[in-house]
Structures are given as structure tokens and as C-alpha cells.
Amino acid sequence: LLASAAYARPQTPATRSDSADLGWQKAKQNYLAATKVPGFINPGPSVDASSLKGKKLWIVLGNGGVPFIVAIANGAKEAATALGMSVKIVDGHGQPANWNRAMQQAVAQNAAGIITTGAPPPLFKAQVVAAAKKHIPVVDTLDLDQTDPLTPGLFAEVSISFAKSGALQADYVIAQQKGKATHVLILSDNEFPSEVKRVKGMKAEFKKLAPNISVTVHDVLVSKLATDIPSVTQTELRRDSKIEWVLPTYDAQAVYVVPAIKQANLANKVKVVSSDNVSSNLDWVAKSEVQVFDVGPPDHWIGWAGMDNVVRGILGKPAVKNAHIPLRVFLPSNLKGVNTSNEDALYGAKFRDNYKSLWGIK
Amino acid sequence: LLFDYAIVLLFAAMILVYSIIEPSSFFTYGNLQTIVDTQAVLVLLALGLTLPLVTGEFDLSIGAMLGFTSILLTYLVGVQHWNMAAAIAVSLAVGAAVGFINGFFVVRIGVGAFITTLATGTILSGLTIAVSNGEILNGVPQSLQDFASHQFLGLATPVYLALGLAVVLWYVYEHTPVGRYLFFVGAGRDTARLVGLPVDRLRWSAFIACGLISSGAGIIAAAQLGGAVTGVGESYLLPAYAAAFLGATTIKPGRFNAWGTVIALYLVVTGTTGLELMGVENWVEYVFDGGALIAAVTFARVVSRESTA
């Protein structure tokens, strides 16, 4: 087994370059631009949604125990209720068999539209096609990258650019280094295609703007976060004492990374730059408690954007390709006095009125 | 004797090989801290698991119990602002109560331990989501976090708690009548009953003690994290079973035992840590985990045959 050590992880070379000297300024511009309260960008032409009153929306949750999934569903429910629609929410409990069954039921009961979240459509292709045949628009949210090709039959995917999210994480590190070389540890999770894209975004940004920063990637399965992340983090920091930054691909990883760094007595040396904007992580950011940066999209907003595409699908209009879901960066400086558990306090609440105007119900 | 300590020898050989390959990073006190400190919760859970295992029972609710307790404690002190001592007492009481319920269905009603504890574990997972609303909870008091991170001789408090529990269980298993009775029950329930042992009470007690220790592990997990995450418990379940079963191949081969469990757990963790320090791809670590389990058990088996030949 020890012979398998031959499979050594590659590291990018730590050499100084002119591009690093200039790149950090560009990186700083990138992340600072995302620190402001995001504005609403009109996703498409106005529609008259008054005829949707009384119709039924089905929302299929991949796993009702995951906060962001529930938040997106709540946003979609809120939007559907504003349109006078009734809502049926089905929790798939993390099981693809349940997702398929829920989709079958929605189609059989003639749902007007279906929103899925936390349940990647490639895992229930047949049901998506069956819905399309009955002209039921199926809109998926935040499971795939905004740039991914649509699963056959899927009306629309409402998501973000995960690569851009990762690039913003890298931008912050590059800007703080101001051209100086350093070592970075990225914790990936290759089970999720979107997280693969996020890590690719990080690596591409480091390569483009700071090739003198050495990057190590360590993959951790989501089912082993609690047991593996503490030892992986401490061991990697010990293996390479030059590591000054750890970039978990999502906050649920950072939850274990931060205590591990504290436990290793490295809190003054190593900082965490993560993504997802989970409330508990933002509390750490507000206090600069090892985690100093977070970036993520607004979940309720995504729910409304998903509903916007369902509306268009029901009315026979073309889908919106880019819902312009914002990514907002949070630092200690823009979290002062902010209630991190209130999404409206983080991203603003005007998007609701904007969507209502777009649908002609305000 | 060689058979009894085959895994220990394998462990020593592994440490030697890694120390030669990675002398500057593996054979250091810092690395010892990483290996020992980060696994303390798992050691506690695995040791607690040996109690039902020695009586011939299973407890699949331990992971969910750990997760539920860590969420419950954090909720009570962080959200409801309970007194910390009261919250800890309630959390431990819940653990004991769940163990009592497991014991009731298995011992009194006669439902299989596998399905009973699977069911209670599933219920606990649901209650965990209900309490936390699926969110990551913060708010464990700093004093409890400080307790979990306090170091003595370079090792954190949970390590000493785990080692203390190992000593207690070792003493109970090896040097008390109750410990012997537990093994008798596990070896042959009917025979144990015929010789007058309180079989049902012993089985029931094992479930209660296991629930109590699992909830204690959950409290320590919350203290280490400074909060709690829904779903944290499930990831501990299989490693705890792996440690207990691998531990049954050493020190007291053929019997679940405390020190064997501790050594087995650290054997696997040391193996993967060494590979990480060598910079191998992460998939190799998973292959190693499984391979080490098979190799160690096979090695112990082969040595056993040699010694009895």
C-alpha cells in the first residue's frame, strides 16, 4: 500500500513573475466589486402572470435537511403564493428514488410547473422528459453550473457561475498577498460537478493572476467531512508549513477547517476563505475568527428566479437563459451590525418588487 | 503472544516506515498531536460501542445519537440560553434515555437490535433536523470550547477523556465480575441465563451505557467545533464499527476490547496521515483504509494459525 505513494499530488511551481505583480490589483478590483449590495438586473421581457392564479406548483427538494435547499424552496413558495398559486413541497430525503417518485407524482397530478432544488436533473431524466411531453415546465435551481448544457426536457436551470465564485475566493487571497508568493490549500469535493467547477475557477484564477502562488488540492467526501477534515487540514498544514490560506469549496467544510486551525495553534498564521455565505460562517467572518472571507448567492432570490422561469414556461414564453443571480462577497468590513441570519439584510429585498413588476402583479 | 500483539507490531512497523520516509514531518510531536487530538471523539464513540458488541448486540444509533446531542446542546445553550451544566445534564440524560428505549425494544419486546437501533437512529436524525432546522448552529459557550481545547502535555482534554474511558472499560472488562458476565452473555445468552446471570439486565445496561457515552461524545464534538452541524453523526458510525471490529483482533483476539479498539483506530488514522504527509492522491487513502482493515485482520488470522500449529 505504501507503494501507492507514487501517486503524488502535483503542485504548481512557486516562482515569482511579473503577472503576479500586476495581477493582485486586478484581483482586488474583482472582489471589491462584489462587496456591494447587489442590484437587480432584469432577466427578460415582462409577462402577464395574472392567469396563473389557482394553478399548482410542485417543489421537489433533494434533501429537506439542507438549509440552502430549504431556503430556495421557501423563496419559490413565497413567489408562487404572491402569484396566487398553491404549492406542494415534497422532500426527497437525499434519495434519487424519492426524487423520481416525487416527479412522477407531480406529472401524474398535472402540476402547472415543477421546481427542483438539491436534486440534479440528470438523476431523473425520464421524469423530466415525461413532464416536458405534458408541457409542464421543470426548472432546476443551483444544482448545475449556469453554463452547463440543459438536461433534455428541462425548461431552465437557474444557477450561478461556480467558477466565478471560486475565482472570487482566489482573488481575495491574491489581493492580500500583493504579489508575494505563498502556498494555498484548496479542499475540493469532486462528488458535485458544480464544486469541481468552483475549484477549477480557483485554480484558473491563481494561474492567471498569481502564478507564483503554489496550490495544493485535497479532495474530501461530503460523508466524511466531520471525521476527515480536521486531520486532513492539520496534516496538510504540517506537510507544507508555508501554507497560509485554506480555501474550502463550501462553508460546510469550513465549519471543520476553522476549529482544526485553532486546535493546531495556527489561527494567527493561516486564514480561511470560503464560499456559500452560511450564517454561522459569516459570524466568524464578522469577527475575523480565522475565516475572513465568504462569497455566495441569495437563496430566496434564486427561488424567485426559478419561479420566474416557471411563469414563462406556463405562459409558453421562452426561458430566461441567465437569471443574473448575484454573488456577494462578505468581509469583516461589510458585516458590521448585519444580522447574518437575515437574507434580506445581506442581499437586499427589492428583488421581490422587481419580479412582481415583471409579472404584472404590482 | 505474537498473535495477541500482531496489530500492535504492524502499527509499530508502520510508524517506523513512515518515520524513515518522512522523518521531518511524521516523527514529530506536532504530528502526534494531530493524530491523537482529532480522533478523540471517534475513540469515545468506538469505546462506547464495544459495550453492546461484547453482549452480542448491535447499536446503529450511536452516530445519530452523537449528532443529535451535539445539536441539542448547542440549541439549548446557544439559542435557548440555558445554563451550560443543565444543558449538558439534559443531553446526557437524552443519551441514556435513548439507550433505555433501545434496550426496552430489544430485551423486553424482542425486536432485533439491528432494526431497533436503525429505527431509533433514524428518528434521532429527524429530531436533529427538527431542532436545528437543518442549519449550522453556533453558540457553544467559550468556557466549554476552552475546556475542549485545553492542552496538558501537549494533548487536548478530549484525548484524556477518551483514554480515561479506555482505562475504565479495560478495568471493567478484565477485572470485574460484571465485565466477565458481559462476555459470557455475548458468548452464549442461554448458557449465561442457565448459570443464573441477569442476562436481560446486562444487555439493557449495555445499551444505556452506550447511549450515555455516545451523547457524551456528541457534547465533546460540539465543544471542539464551537457549534453543531446537522448530519455530523452519520460520518462517525462506520469508522467506529471498523475500529471496534479491528480492535477485536488484537490484545484479546476474538473479543471486543478497549485497548484493541484504541490501537486499531489509531492504526488506520496513522496510516492515512502518513500517506497525506507523503502527498499521495486522496483516493489512495480510502484504498488504504479498506486495505489496512483486510490486511490487519488477515495478518492476525495467519499468525493465529501459525501459533496453534
Side-chain angles (χ1 to χ4, degrees), chain A residues 1-2 4-11 63-71 91 93-94 188 190 216-241 251-252 254-256 258-260 262-265 278-281 283-284 289 341, chain B residues 14 17-18 21-22 25 28 30-31 33-35 37-39 41-42 67 125-126 128-129 132-138 145 148-149 151 156 221 224-227 229-236 239 269 271-288 291-292 295:
Chain A
L1 287 169
L2 290 176
S4 53
Y7 293 95
R9 279 194 296 275
Q11 285 192 343
N63 188 338
V66 179
F68 85 85
I69 292 174
V70 176
D91 185 351
H93 296 293
S188 61
N190 293 337
T216 299
V217 181
H218 196 117
D219 194 63
V220 182
L221 297 175
V222 70
S223 60
K224 289 181 161 252
L225 291 185
T227 50
D228 282 12
I229 291 240
S231 63
V232 162
T233 303
Q234 290 189 10
T235 303
E236 288 287 1
L237 294 178
R238 187 153 290 117
R239 190 173 71 86
D240 180 358
S241 60
D251 277 343
V255 164
Y256 299 100
V258 170
K262 285 185 193 169
Q263 198 175 23
N265 294 320
V278 170
S279 173
S280 59
N281 295 73
D283 289 340
W284 277 336
E289 195 173 334
S341 58
Chain B
M14 182 188 288
V17 169
Y18 280 139
I21 296 172
E22 292 286 330
S25 56
T28 62
N31 191 39
Q33 285 177 308
T34 293
I35 291 172
D37 285 358
T38 58
Q39 303 302 318
V41 170
L42 188 52
S125 297
T128 303
I129 295 170
S132 68
N133 197 25
E135 294 175 3
I136 298 167
L137 297 184
N138 273 342
Q145 293 185 53
S149 60
Q151 293 189 338
Q224 282 186 329
L225 276 183
V229 183
T230 306
V232 68
E234 281 78 358
S235 59
Y236 283 99
V269 175
T272 52
T273 303
L275 291 173
E276 283 164 7
L277 287 171
M278 291 163 69
V280 302
E281 292 275 8
N282 79 306
W283 64 263
V284 179
E285 294 161 24
Y286 295 112
V287 172
F288 175 85

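So that the names make sense, note that chain A is the first sequence line, chain B the second, and so on, each numbered from 1. For the numbers below, each heavy atom of this structure counts, side chains included, while hydrogens, waters and symmetry mates do not.
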Contacting region of B:Q39 [heavy-atom separation from chain A under 4.5 Å]: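 It is the side chain, since no backbone atom gets that close.
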B:Q224 portion near chain A, given a 4.5 angstrom heavy-atom threshold: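 Looking at B:Q224, backbone and side chain both touch chain A.
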Looking at [X] and [Y], what are the two nearest heavy atoms and their distance?
X      : Y      : result
A:G64  : B:I129 : O-CG2, 4.4 Å
A:T227 : B:S235 : CG2-O, 3.5 Å
B:E276 : A:V232 : OE2-CG2, 3.3 Å

Top of [options] for chain A proximity - count of heavy-atom pairs under 4.5 angstrom:
options                        : result
B:L277, B:V232, B:N138, B:T128 : B:L277
B:V269, B:T272, B:V229, B:L137 : B:V229
B:D37, B:I35, B:L42            : B:D37

Side-chain heavy atoms of A:Y256 within contact of B:T38, under 4.5 Å: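 A side-chain contact is absent here, since even the closest heavy-atom pair is not under 4.5 Å.
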Validation row: A:L221, B:Y286 side chains within 4.5 angstrom (heavy atoms):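 Contact flag for A:L221/B:Y286 side chains = yes.
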Partners passing side chain to side chain contact (heavy atoms under 4.5 Å, CB included) against A:V70 (at least two apart in sequence or in another chain):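 Partners of A:V70 by the side chain to side chain contact (heavy atoms under 4.5 Å, CB included) criterion, ordered by chain and then number, come out as A:N74.
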Residues in side chain to side chain contact (heavy atoms under 4.5 Å, CB included) contact with B:T28, at least two apart in sequence or another chain: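 Listed in chain order: A:R238, B:N31.
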To the nearest 0.5 angstrom, please state how far the [atom1] atom of [X] sits from the [atom2] atom of [Y].
X      : Y      : atom1 : atom2 : answer
A:E236 : B:T34  : CD    : OG1   : 11.5 Å
B:T273 : A:R239 : OG1   : CZ    : 12.5 Å
A:K262 : B:S149 : NZ    : OG    : 8.5 Å

Pick from A:S279, A:S241, A:A260, A:S231 with the largest number of heavy-atom pairs that fall under 4.5 Å of chain B: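 Heavy-atom pair counts peak at A:S231.
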Which atoms of A:D283 approach chain B - backbone, side chain, both or neither, heavy atom under 4.5 Å: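 Just its side chain gets close to chain B.
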